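Report on the structure given below.
What you see is a predicted model; the values in this text were computed from it and never measured. Residue numbers start from 1 in every chain, and the chains themselves are labelled A, B, ... in the order their sequence lines are given, proteins ahead of strands.
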Protein chains: 2
Amino acid sequence: MASHTTLLPKKGRASRVTISDVADALGMTKSTVSRAMNGYPDISESTRLRVQRAAEQMNYQPLSHAQAIKTGQTRSLGLVLQLSDHDAQRPFLAEFLAGLSAGASTKGYTLTVAAADNDTHLSEVFQNLWRDGKADGFILPRAMVKDPRVRLLRDTEVPFVLFGRQADPTGCCWFDIRGEDAMRDAVLHLAELGHRRIGFINGGEIYTYAQLRREGFLAGMAAAGLEIDPKLVAGDSVTRRDGDAAAARLLDAANPPTAIVCAVDHVALGVYRAATDRGLVIGHDLSVTGYDGIEDGSHAQPPLTTFAVDSRQAGVELATLLIRRLSGEAPETLRKTAGATFLDRGSTGPVPNHN
Amino acid sequence: MASHTTLLPKKGRASRVTISDVADALGMTKSTVSRAMNGYPDISESTRLRVQRAAEQMNYQPLSHAQAIKTGQTRSLGLVLQLSDHDAQRPFLAEFLAGLSAGASTKGYTLTVAAADNDTHLSEVFQNLWRDGKADGFILPRAMVKDPRVRLLRDTEVPFVLFGRQADPTGCCWFDIRGEDAMRDAVLHLAELGHRRIGFINGGEIYTYAQLRREGFLAGMAAAGLEIDPKLVAGDSVTRRDGDAAAARLLDAANPPTAIVCAVDHVALGVYRAATDRGLVIGHDLSVTGYDGIEDGSHAQPPLTTFAVDSRQAGVELATLLIRRLSGEAPETLRKTAGATFLDRGSTGPVPNHN
DNA sequence: ATGAAAGCGCTAACAG
DNA sequence: CTGTTAGCGCTTTCAT
């Protein structure tokens with residue numbers, strides 16, 4: 001596709017082609033070239049074209065550091081990671097980074113990553129990255145209900161994009177997956193199979209996705225005309241272990257559920273274990289629906305019913321949104337959600353009649 | 001600890017403290033300040049101190065972009081990811097990034113991450129990052145036996161550090177964990193328990209770690225005076241599924257092993273499954289030793305015998321090594337290995353006598 | 001619509 | 001030892 005770039009120089013860094021080279025080759029001045037490249041309105045269409053063609057042909061690309069010194073923009077997107085159990089165990093991160101990197105690079109952007117240990121440290125990391133011009137804006141993974149990052153960045157007018165939604169959308173751009181729809185569909189699917197006692201295990205309640213998924217579950221129950229038994233609802237479960245514990249509670253209740261909907265995939269795996277420990281067969285004695293998608297399929301047996309989330313695509317979307325934001329687009333126009341695909345891989349079944 | 005940095009400005013980017021500000025405040029010229037900050041030898045100790053104190057106090061930090069335009073150095077470490085099954089499923093990446101970020105930031109460095117899809121794309125990613133001065137050097141995860149990255153970067157004299165060793169060490173810096181020792185110890189441990197038929201399932205053979213671990217296994221067998229049965233040796237297994245398949249082959253052999261050593265942790269999980277499918281009890285009918293450490297313990301039951309690898313620490317080490325390399329230290333002095341801790345969590349046991 | 005010139009924040013000869 | 005003077009590659013007034 002792209003014409004192959006020249007090889008690296010045998011020694012040291014390449015002596016790049018500069019704006020002056022292009023200007024000289026075209027018999028114009030640097031300023032004309034600069035304005036042509038940056039889409040200023042006072043440049044004739046013909047010269048703009050000549051310049052762009054020459055730039056392409058001479059393989060000229062403005063040095064972002066040199067631009068940064070005047071403009072403050074360095075064509076790099078910032079990502080600040082906060083380590084938690086939640087994310088650690090999954091393909092999520094690698095795929096997500098790949099998506100971000102891909103989305104960024106198509107527009108000539110690059111990715112700067114930092115990790116924050118704890119909350120006090122968090123704002124410092126942002127400040128440093130911003131102060132030093134290491135990032136023109138930030139991608140914030142896992143939007144929280146009360147998100148300190150949003151407060152910090154919004155107040156200071158630093159551009160950012162959320163992975164996840166926000167109750168107060170002022171100044172927020174985001175990409176998110178409509179997990180609530182999936183939860184709702186899961187309930188309806190189970191209700192159609194005849195289930196009436198449906199349990200729910202929610203994810204980390206500090207995150208907005210959990211609020212939304214809970215609402216989706218409730219909406220599904222309401223639509224199916226089913227009642228909510230508070231004893232069959234658990235929350236704040238994000239790991240397999242959490243799922244095991246939560247499911248144990250539900251299954252050992254006086255009147256246990258015949259189906260359980262989980263907001264998080266690994267939690268569903270925990271439910272499998274709890275069920276198996278009690279001699280229950282998934283898809284027969286108990287129906288389980290998990291969310292998110294453990295892609296390699298090596299964990300679940302029998303197959304987990306799941307809604308796939310494409311982390312890579314999320315990364316691409318977020319990078320693109322942030323870049324558009326940096327180009328001056330209004331936040332209101334930069335909000336996007338995507339649906340989740342329902343996949344029953346056989347973990348749901350009819351209501352058990354031995355009761 | 002650190003005195004809290006000033007808040008972000010209400011609007012736009014902070015008007016930073018420049019070198020001129022410092023110079024003016026001290027009644028000297030920019031060049032003196034510059035040289036004092038960069039440790040030039042022709043600056044009196046007294047002024048160096050005055051400058052450093054003033055810089056600290058005025059919260060001055062040279063703008064890396066401005067420096068870069070002259071020096072080419074932007075104080076940022078490059079990391080190019082190649083997605084593979086191998087890495088996807090694990091905490092590895094998050095911890096590793098955290099370590100890199102931590103190691104880098106203590107020296108005022110930052111992390112630039114990119115992802116490469118395939119081999120053709122790979123060199124392009126390096127070139128762009130390097131050409132555009134987005135990275136002063138690179139961290140290369142998972143050293144390979146014939147590593148195209150090493151060839152590319154060594155030839156062009158781009159600084160880099162390997163996670164993993166290299167047969168031809170010319171110009172290479174690295175950090176690695178001595179997995180071969182762990183493999184050896186595992187064999188000796190099993191031999192001591194009386195095992196004579198010990199199988200081995202190696203990891204991805206394109207990586208140097210696999211070569212080394214194989215050698216470790218062989219060394220252990222030799223030291224224990226045991227013979228190698230080629231039928232009990234498998235390789236190129238990196239996932240649970242791979243482990244399941246490989247173990248099936250070993251266990252279904254005419255004269256099956258009483259113990260299996262795995263080079264990769266998830267593979268050991270696969271062995272568990274294959275064993276369970278055949279009605280074998282781990283630690284009783286079959287001993288299994290895995291490598292690497294699935295930290296959360298939620299996967300293995302009964303506990304897997306494992307050797308922990310601290311991904312975070314590896315990140316810190318690698319960042320530190322690369323920064324030292326960038327400061328001009330010779331590659332030969334920048335090679336470091338760390339031992340692996342042996343932990344028998346109960347997955348090994350005596351030789352079964354029902355045979 | 002384009003050129004001339006100044007300057008961003010910093011480093012690096014070259015003087016003295 | 002320190003100051004003077006040029007730039008680095010690029011953007012951005014201000015003229016024309």
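Atom-to-atom, CD of A/Glu45 to C1' of C/dT2 comes out at 16 Å; the value is rounded to the nearest Å. As rounded to whole Å, 13 Å separates atom C1' of D/dC10 from atom CG of A/Asp21. Rounded to whole Å, the distance from NE2 on B/His65 to P on D/dG9 is 17 Å. As a whole-Å value, the separation of A/Gln61 CD from D/dG9 C1' is 14 Å. To the nearest angstrom, P of C/dG9 lies 12 Å from CG of B/Asp24. If you measure from atom CZ of B/Arg35 to atom P of D/dC1, you get 12 Å, rounded to the nearest angstrom. Here D/dG9 presents its P atom at 17 Å from CG of A/Asn38, a figure rounded to the nearest Å. Between B/Ile19 atom CD1 and C/dA12 atom P the separation is 11 Å, expressed in whole Å.
Phosphate contact (OP1/OP2 of C/dT11, side-chain N/O of B/Tyr40, threshold under 4.0 Å): absent. A close approach under 4.0 Å does not occur between any side-chain nitrogen or oxygen of B/Tyr60 and OP1 or OP2 of C/dG9. Checking the phosphate oxygens (OP1, OP2) of C/dT2, no side-chain nitrogen or oxygen of A/Thr32 falls inside 4.0 Å. For D/dC10, neither phosphate oxygen OP1 nor OP2 lies less than 4.0 angstrom from any side-chain nitrogen or oxygen of A/Gln67.
The number of heavy-atom neighbours closer than 6.0 Å to CD of B/Glu56, taken from other residues, nucleotides and ligands shown, is 12 or below.
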Q. How far apart are the C-alpha atoms of B/Thr112 and B/Ser76, what are their side-chain angles, what is the distance that settles it, and do they pass the side chain to side chain donor-acceptor pair (under 3.5 Å) test?
A. CA-CA 6 Å; B/Thr112 298; B/Ser76 112; 3.3 Å; yes
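Taking the nucleotide of DNA chain D with the nearest heavy atom to each of B/Asp42 and B/Lys70, the more 5' of the two is matched to B/Asp42.
In this structure, B/Leu63 reaches the sugar-phosphate backbone alone: every heavy-atom distance under 4.0 Å involves primed, P, OP1 or OP2 atoms, never a base. Nucleic acid contact class of B/Thr18 (heavy atoms, under 4.0 Å, all strands): sugar-phosphate only. A/Ser44 comes within 4.0 angstrom of sugar-phosphate atoms only, judged by non-hydrogen atoms across all strands, and of no base.
Set against D/dT2, D/dT12, D/dC10, the side chain of A/Lys30 has D/dC10 as its closest nucleotide. Checked against D/dT2, C/dT2, D/dG9, the side chain of A/Ala66 finds its nearest nucleotide in D/dG9.
Ring-plane geometry between A/Phe175 and A/Phe163 is classed as tilted, the angle between the planes lying from 30 to 60 degrees on a 0 to 90 degree scale.
A donor N or O paired with an acceptor N or O is found under 3.5 Å between the base of D/dT4 and the side-chain atoms of B/Ser31.
Cation-pi geometry between B/Arg142 and B/Phe92 is met: under 6.0 angstrom from the ring centre, within 45 degrees of the axis. With a 6.0 Å cutoff to the six-membered ring centre and a 45° limit on the axis angle, A/Arg165 does not count as a cation-pi contact of A/Trp174.
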